[in-house]
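For the single chain, residues carry numbers from 1 onward in sequence order. Just so you know, these numbers use all the heavy atoms, side chains as well, and skip hydrogens, waters and symmetry mates.
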Amino acid sequence: MVGGWEDAYVPVTSAGPDGGVFVWGSAAELVKYVRTRSRLVRTTGVVVGREDSEMRPGVKRRSAVFRFTTEQGRSFEVVSSAQTWPGPKVGAPIPVICDPERPWRAERVGVLVFKLWLMPLTLALGVFLLVLALRGLM
């Protein structure tokens with residue numbers, strides 16, 4: 001069958017590792033969440049700054065730096081894993097979720113919810129890419 005699925009070129013060198021990265025990253029986030037979900041505590045933090053980075057010329061990324069206080073009274077400053085532009089305003093209160101055993105890994109609640117929502121999609125994409133790579137090897 002010309003032009004059909006069987007004739008599709010599958011770049012095995014790219015699909016396999018890319019699929020593995022998607023599966024590994026999704027699985028790691030899922031395992032991290034499942035291990036800590038019973039301990040997660042919500043609190044309110046305050047944006048105290050922004051961390052700017054530039055991956056390549058003209059492409060700016062901005063992460064919020066927020067401060068929060070744990071139930072034990074310890075204060076932590078954490079850089080959010082979400083990179084957005086222009087980013088939240090300094091001084092804005094934000095909801096934060098943290099594991100009391102690892103408060104330095106705290107995150108904005110919206111970021112955690114987004115990661116959990118995105119996880120099944122990235123896991124499915126990774127499995128799809130791995131299947132494509134395996135079909136290309138046969």
Within the supplied structure, the quantity of interest is the number of heavy atoms (other residues, nucleotides, ligands) at a distance under 6.0 Å from E71 CD; does it exceed 12? no
Go through S80 and F66 one step at a time and tell me if the side chain to side chain contact (heavy atoms under 4.5 Å, CB included) criterion holds. CA-CA 8 Å; S80 176; F66 58 90; 4.1 Å; yes
A82 versus V111, closest heavy-atom pair with distance: CB-CG2, 3.5 Å
Just verifying a value: how many Å separate R67 CZ and E77 CD, rounded to the nearest 0.5 Å? 4.0 Å
Report, as yes or no, whether the 6.0 Å neighbourhood of atom CZ on R39 holds more than 12 heavy atoms from other residues, nucleotides or ligands. yes
Applying side chain to side chain contact (heavy atoms under 4.5 Å, CB included) to I94 and V47, what does each step give before you reach the verdict? CA-CA 7 Å; I94 56 171; V47 178; 3.9 Å; yes
Taking T122 for its side chain and F22 for its backbone only, find out whether a donor-acceptor pair lies under 3.5 Å. no
Residue pair D99, R105: steps toward the side chain to side chain contact (heavy atoms under 4.5 Å, CB included) verdict: CA-CA 7 Å; D99 177 0; R105 288 186 170 177; over 6 Å; no
Counting heavy atoms not belonging to E51, are there more than 12 under 6.0 Å from its CD? no
From L116 atom CG to R37 atom CZ, the distance as rounded to the nearest 0.5 Å: 10.5 Å
Separation of R50 CZ from K89 NZ (nearest 0.5 Å): 7.5 Å
Let me check something: do V34 and I97 share a hydrophobic cluster, defined by ILVMFWY side-chain heavy atoms less than 4.5 Å apart, either directly or through other members? yes
Would a single hydrophobic cluster contain both V21 and F128, if residues Ile, Leu, Val, Met, Phe, Trp and Tyr are joined by side-chain heavy-atom contacts under 4.5 Å? no
Under a 4.5 Å cut-off applied to non-hydrogen side-chain atoms, are L40 and C98 in contact? no
Cluster overlap L112 with M119, hydrophobic side-chain contacts below 4.5 Å: yes
Find out whether L130 and V23 are in side-chain contact, i.e. whether some heavy atom of one side chain is under 4.5 Å from a heavy atom of the other. yes
With no hydrogens and no angle check, is any side-chain donor or acceptor of T69 less than 3.5 Å from a backbone partner on G73? no
Could you grab the distance from atom OG1 of T70 to atom CD of E101, nearest 0.5 Å is fine? 12.5 Å
Can you tell me if E107 uses its side chain to pair, donor with acceptor, with the backbone of S81 under 3.5 Å? yes
Determine whether R42 and V96 satisfy the following criterion, side chain to side chain contact (heavy atoms under 4.5 Å, CB included), listing intermediate values before the conclusion. CA-CA 6 Å; R42 285 181 180 242; V96 175; over 6 Å; no
In terms of the angle between their ring planes, are W104 and F76 parallel, tilted or perpendicular, with boundaries placed at 30° and 60°? tilted
Would you indicate whether the side-chain heavy atoms of F68 and V46 approach each other to under 4.5 Å? no
How far does CG of L118 sit from CG of L123, to the nearest 0.5 angstrom? 11.0 Å
